[in-house]
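A short write-up of the structure that comes next.
Each chain gets a letter, A, B and so on, in the order the sequences are listed, and its residues count up from 1.
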There are 2 protein chains.
Amino acid sequence: MADVRDIPDATVSRLPVYRRSLVQIISTGESTISSADLADLAGVNAAKVRKDLSYLGTYGVRGVGYDAELLLAQIDGVLGLGTEAPVVIVGMGNLGQALAHYGGFQSKGFPIVALVDSSMDKVGQVIDGIVVSHLDDLEHTVREREISVGIIATPGGAAQEVSNALVAAGVRSILTFAPTILQVPDSVPVRKVDLATELQILGYYRHREVTETTDSTDRTA
Amino acid sequence: MADVRDIPDATVSRLPVYRRSLVQIISTGESTISSADLADLAGVNAAKVRKDLSYLGTYGVRGVGYDAELLLAQIDGVLGLGTEAPVVIVGMGNLGQALAHYGGFQSKGFPIVALVDSSMDKVGQVIDGIVVSHLDDLEHTVREREISVGIIATPGGAAQEVSNALVAAGVRSILTFAPTILQVPDSVPVRKVDLATELQILGYYRHREVTETTDSTDRTA
DNA sequence: ATGCCTTTGTGCATGCGTTCACAAGAGGTA
DNA sequence: TACCTCTTGTGAACGCATGCACAAAGGCAT
């Protein structure tokens with residue numbers, strides 16, 4: 001029913017979670033799964049699962065549930081996981097090197113095919129079997145390897161410049177770890193992961209708890 | 001006006017962004033900043049900035065703007081950044097090691113004071129000046145060092161067990177990189193960062209673009 | 001002191017996301 | 001075939017978040 005272009009953002013961000021749950025279910029030999037069970041695995045409400053899945057077109061069978069394999073294939077189709085999306089990581093500091101070694105990308109259809117840094121100390125080094133190339137060669141590298149995803153793991157100060165270079169080189173989407181607001185064309189989706197921010201957000205809820213405890217103590221006093 | 005306990009989640013998650021913008025502004029020597037300028041730096045709408053800041057109590061001056069230093073102190077207070085929050089990282093694989101080396105935490109008030117792994121290969125190693133201790137000693141370590149934040153950097157299969165151990169040891173909040181739905185008491189806030197999921201979400205928007213292009217091509221054909 | 005200009009704080013309307021609740025549909029059983 | 005059970009798909013209500021638009025308020029110049 002709904003077109004693949006019309007899926008709400010909130011739903012899209014849950015599809016990978018459903019996907020992982022499905023992989024898990026399939027590995028146990030189950031061939032169908034109900035929205036209630038899928039909801040449990042994904043940690044969400046069952047009605048939300050059904051509504052989310054309804055955006056993919058209808059693949060559930062009333063009284064039975066969803067065909068796990070079929071649903072997985074459907075999600076993969078929507079997420080574009082049918083074809084591999086080669087990745088370049090820019091910035092070979094601690095974070096960049098860790099990402100390069102991290103196996104979680106390759107196995108999920110996002111092979112890391114290039115590593116880039118702007119420092120001559122790093123260029124030429126071999127990390128995880130890949131020779132680090134220079135930022136100046138970015139465009140050539142991206143075009144040659146048909147890279148579609150750029151990961152920015154540089155300090156904040158360099159992020160916008162790197163982002164510009166990635167976009168100019170033809171990268172189709174960007175994942176950034178830099179604590180910076182990136183200006184990019186609307187056609188290039190960006191996701192931002194900011195580790196310090198996450199800790200600070202936790203700080204609020206942790207701190208709030210302390211405040212409440214202190215308050216109740218004050219109240220009894 | 002509003003109590004520190006009543007700040008909406010969406011606002012809380014933006015406070016670190018405002019904070020960073022303020023630090024930047026202050027470093028340039030400016031002492032006041034308008035909501036419009038802050039909005040530009042933070043990449044959001046000016047009205048949203050004002051509404052967000054109104055939850056902290058009123059610190060703006062009409063016709064002038066906000067006192068940058070005062071606002072920064074106010075945000076720090078809400079986020080509980082006045083005191084340091086010691087951190088333990090569990091899981092010394094690639095990601096855990098990178099996080100241990102990553103300087104972004106220490107400088108932001110989240111010193112990493114302990115590293116933990118369950119493998120004897122890792123226990124006893126010194127990473128970034130810290131001796132890796134065993135998961136079995138977690139409770140002791142957490143209590144002794146008064147650790148309030150736990151970072152889970154283990155494979156998904158171990159995450160729930162580690163989470164239980166962290167909670168039992170008295171950790172107050174958790175940041176997890178494991179692609180797993182964690183069951184924790186409501187009193188322990190959890191933030192989840194899932195790198196593969198981020199790439200998959202990007203995949204949707206990237207893929208969608210392709211679909212649209214293909215469609216328009218088809219239409220002209 | 002007065003008036004103008006700037007910027008805040010917020011009421012209100014709109015839109016998105018979530019959740020409930022139930023009708024409709026599919027399959028199994030007698 | 002007819003009924004019963006199970007589960008989906010979705011209409012509708014609710015709540016949160018966003019953003020506009022404007023009145024209130026502070027400061028500065030004259």
Side-chain angles (χ1 to χ4, degrees), chain A residues 1-3 5-18 21-22 25 30-72 74-75 78 181 201 204-205, chain B residues 1-3 5-18 21-22 25 30-72 74-75 78 181 201 204-205:
Chain A
M1 178 74 67
D3 197 291
R5 302 181 205 58
D6 278 6
I7 302 177
D9 292 348
T11 295
V12 171
S13 65
R14 280 188 294 268
L15 290 181
V17 182
Y18 298 149
S21 305
L22 284 171
I25 277 293
E30 298 289 329
S31 63
T32 63
I33 184 169
S34 69
S35 61
D37 289 349
L38 187 49
D40 274 354
L41 287 172
V44 302
N45 179 289
K48 198 185 292 187
V49 170
R50 291 198 296 275
K51 189 152 283 190
D52 283 344
L53 297 187
S54 76
Y55 292 114
L56 309 186
T58 295
Y59 283 85
V61 178
R62 292 170 192 235
V64 176
Y66 297 86
D67 180 311
E69 302 263 9
L70 191 58
L71 188 52
L72 177 60
Q74 186 71 4
I75 291 176
V78 170
I181 309 298
I201 293 171
Y204 168 75
Y205 296 100
Chain B
M1 178 73 68
D3 197 290
R5 300 182 206 56
D6 278 5
I7 303 177
D9 292 348
T11 295
V12 171
S13 65
R14 280 187 294 267
L15 290 181
V17 182
Y18 298 149
S21 304
L22 284 171
I25 276 293
E30 298 290 328
S31 62
T32 63
I33 183 168
S34 69
S35 61
D37 289 350
L38 188 49
D40 274 354
L41 287 171
V44 300
N45 179 287
K48 198 186 292 186
V49 169
R50 292 197 295 276
K51 191 156 284 189
D52 283 343
L53 297 187
S54 76
Y55 291 114
L56 311 185
T58 296
Y59 282 86
V61 178
R62 289 169 193 237
V64 176
Y66 297 86
D67 180 310
E69 302 262 10
L70 191 58
L71 188 51
L72 178 59
Q74 186 71 4
I75 291 176
V78 170
I181 309 299
I201 293 171
Y204 168 75
Y205 295 101

Just to verify, which of A/V17, A/I33, A/L22 counts as forming a side chain to side chain contact (heavy atoms under 4.5 Å, CB included) with A/L41? A/I33
Please report the distance, rounded to the nearest Å, between CG in B/D52 and P in D/dG19. 11 Å
So which protein N/O to nucleotides 12-16 of chain D N/O distances come out below 3.5 Å?
from, atom 1, to, atom 2, distance (Å)
D/dA12, N6, A/K51, NZ, 3.0

How would you summarise protein contacts on nucleotides 24-30 of chain C per nucleotide, using B for base, S for sugar-phosphate only and - for none, with heavy-atom distances below 4.0 Å? BBS----
A/T58 has a side chain; which of C/dG9, D/dT18, D/dG9 sits nearest to it? D/dG9
Measure NZ/B/K48 against P/C/dA13 and give the value in whole Å, please. 21 Å
Please enumerate all residues that pass side chain to side chain contact (heavy atoms under 4.5 Å, CB included) together with B/V64, with sequence neighbours excluded. B/T32, B/V61
Rounded to whole angstrom units, what separation is found between the CG atom of A/L53 and the P atom of D/dG9? 8 Å
In whole angstrom, what separates A/R14's CZ from C/dC16's C1'? 12 Å
OP1 or OP2 of C/dT6 sitting under 4.0 Å from any side-chain N/O of B/Y66? no
Just the rounded figure in Å: distance from C1' of C/dT19 to CG of A/N45. 6 Å
Could you state the CG-C1' distance from A/D9 to C/dT18, rounded to the nearest angstrom? 15 Å
Compare side-chain N and O positions of B/S35 against OP1 and OP2 of C/dT8 and report whether any pair is under 4.0 Å apart. yes
Measuring to OP1 and OP2 of D/dG11, would you say a side-chain N or O of A/R50 lies under 4.0 angstrom away? no
side-chain hydrogen bond (donor to acceptor under 3.5 Å, both in side chains) contacts in which one or both residues fall within residues 34-49 of chain A, not counting sequence neighbours: A/S35-A/R50
Using the salt bridge (Lys or Arg N to Asp or Glu O under 4.0 Å) rule, collect all pairs that involve residues 53-70 of chain B, keeping only residues at least two apart or in two chains. none
For B/V12, which residues count as a side chain to side chain contact (heavy atoms under 4.5 Å, CB included) partner, sequence neighbours excluded? A/I201, A/Y204, A/Y205, B/I7
D/dC6 P sits how many Å from A/L38 CG, rounded? 20 Å
In whole angstrom, what separates B/Y59's OH from D/dG26's C1'? 18 Å
